[in-house]
Amino acid sequence: MVTVTCIEDLRKIACRKVPRAFFDYAEAGSYSEETLRANRVDLERLRLRQRVLVDVSSRDTSTTMLGEKVSAPLALAPVALTGLEHGNGEILACRAAHAAGVPYTLSTVSICSIEDVAAAVSKPFWFQLYVMKDRGFVRSLIERAAAAKCSALVLTVDLQVLGQRHVDIKNGLSVPPSLKLKNLLDMATKPRWVASVLSGKRWTLGNLDGHVKGMEGVKSLAQWVGRQFDETLSWKDVEWIRSVWPGKLVIKGILDVQDAKLAVKAGATAIVVSNHGGRQLDGAPSSISMLPKLVDAVGCEIEVFFDGGIRTGQDLLRALALGARGCLVGRAYIFGLGAGGEAGVAKAIDIIRKELEVSMALTGIRRIGEIDRHVVVNDD
Ligand code: GLV
């Protein structure tokens, strides 16, 4: 058994255990993957400021996100098809997040449904919403999230049109899915994955299954979703969502100062500075390069979260230094899930939290509230 010391170790194990089509789906970016790479490159370029001879014997990574106490400023991002990385993936990831004291966000396009997850965990989770053309269905999703006591609605606004991920097409993970023989053979060589998915609650899109008239099975549901992404989506719709969901509203996918200001006007509780993990507009700037501008623009009014390339606690510290109130991680925990189910997600969270804690100590920081732009070299 290998000793897992970092997210990269989990990635390598997941790469062996999860069928290629689903591993690639999570890992890929859109088109030439310029933005995907920029997210990592620009994070790594930020140098942390080494400080010495500060008493750091008592350290605390806890803080709040959306007013909820968190053990570290870290939330699990919504990831579509999580239950195909490992059977019951959404339930396992949510349990691991709750045990670690951080929020979990369930995707609209999940395998386990809102109700499945709510029945399997004892604390509220966040629900991510894609706005579909069928507004009646959107309203019912919002009502289901409220009935399940979800503590925040995370509205994703950067996917009205899908950025192409070449590898998904090559693997047949298209809409509708048409997995190739090579993918099916690949799945057959992953017996533990097959067993976990077969013993999972569902193999279809749980939030849609049984809720969309006349649609049954992954194929027709996926086709329905493909037809349902609404290219007309605008701030008017956000106004409508705000009126149907009076609770905490996070707008995810903001990368521009003007849009950040509009999000405040629309009544957002928080925004997530995000380019969808480099999966949408290829050629867009890295999330971290835009973060300070958006924090300067709206950070006094609402909470500004960050996602895009976080693989270490050092990355988390970099984003916090540039003003993020908290960070969402996607691939890092998905690799953990693929590598080891619930324990793998717990490991991913633990790795990042411990790296954050040590990096805080080595930069002379004891509490999250002490982190500011001076933690990064050349940014005074
Ligand atoms: C969905 O959110 C995706 O990025 O595939």
Side-chain angles (χ1 to χ4, degrees), residues 14 18-40 75-85 89-90 93 104-114 126-133 138 141 153-179 204-208 218 221-231 233 250-255 272-284 286-287 305 307-310 328-335 337-338:
V18 177
R20 191 89 239 157
F22 302 123
F23 180 83
D24 285 351
Y25 169 71
E27 180 156 68
S30 58
Y31 301 100
S32 309
E33 302 192 329
E34 287 173 22
T35 298
L36 175 83
R37 285 191 294 279
N39 277 350
R40 289 286 315 131
L76 302 195
V79 177
L81 310 183
T82 295
L84 292 180
E85 304 290 332
E90 290 88 1
Y104 170 76
T105 320
L106 180 71
S107 165
T108 290
V109 202
S110 54
I111 302 297
C112 296
S113 67
I114 302 174
W126 299 353
F127 179 67
Q128 175 267 344
L129 181 71
Y130 275 128
V131 181
M132 317 253 175
K133 284 183 188 153
V138 173
L141 269 181
L153 190 71
V154 178
L155 175 66
T156 299
V157 291
D158 58 2
L159 203 138
Q160 263 157 284
V161 172
L162 190 72
Q164 178 171 303
R165 298 94 192 239
H166 301 321
V167 77
D168 289 345
I169 295 175
K170 293 190 168 95
N171 284 330
L173 209 65
S174 45
V175 176
S178 62
L179 289 171
T204 177
L205 301 176
N207 288 326
L208 280 59
V218 175
L221 284 173
Q223 267 166 331
W224 186 80
V225 173
R227 285 197 304 272
Q228 279 289 326
F229 280 102
D230 190 349
E231 297 180 10
L233 195 66
V250 181
I251 300 187
K252 176 172 176 290
I254 301 288
L255 207 61
V272 184
V273 177
S274 172
N275 49 37
H276 211 103
R279 295 162 75 80
Q280 284 294 96
L281 176 63
D282 197 31
S286 66
S287 296
F305 299 150
D307 85 6
I310 299 267
L328 274 61
V329 297
R331 294 182 181 94
Y333 88 82
I334 288 295
F335 295 150
L337 180 70

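Order of appearance sets the numbers: ligands from 1, and atoms from 1 within every ligand. Computed from a predicted model, the values in this text were never measured in an experiment. Heads up: numbering here begins at 1 and tracks the sequence.
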Among all protein non-hydrogen atoms, which one is nearest to atom 2 (O) of ligand 1, and what is the separation to 0.1 Å? Tyr130 OH, 2.5 Å
So is Arg165 in contact with ligand 1, going by heavy-atom distances below 4.0 Å? yes
For Tyr130 and His276, take the angle between the two ring planes, folded into 0 to 90°, and tell me which bin it lands in: parallel under 30, tilted 30 to 60, perpendicular over 60. parallel
Going by the order shown, which atoms of ligand 1 are within less than 4.0 Å of some heavy atom of Tyr25? 1 (C), 3 (C), 5 (O)
With a 3.5 Å cut-off and no angle check, do the side chains of Thr156 and Gln128 form a donor-acceptor pair? yes
Please determine, by modelled atom types, if Gln164 and Arg279 share a side-chain donor-acceptor pair under 3.5 angstrom. no
Between Asp307 and Ser287, is there a side-chain donor-acceptor contact under 3.5 Å, judged purely by atom types and distance? no
Atoms of ligand 1 close to His276 [distance to a heavy atom under 4.0 angstrom, numbered from 1]: 1 (C), 2 (O), 3 (C), 4 (O)
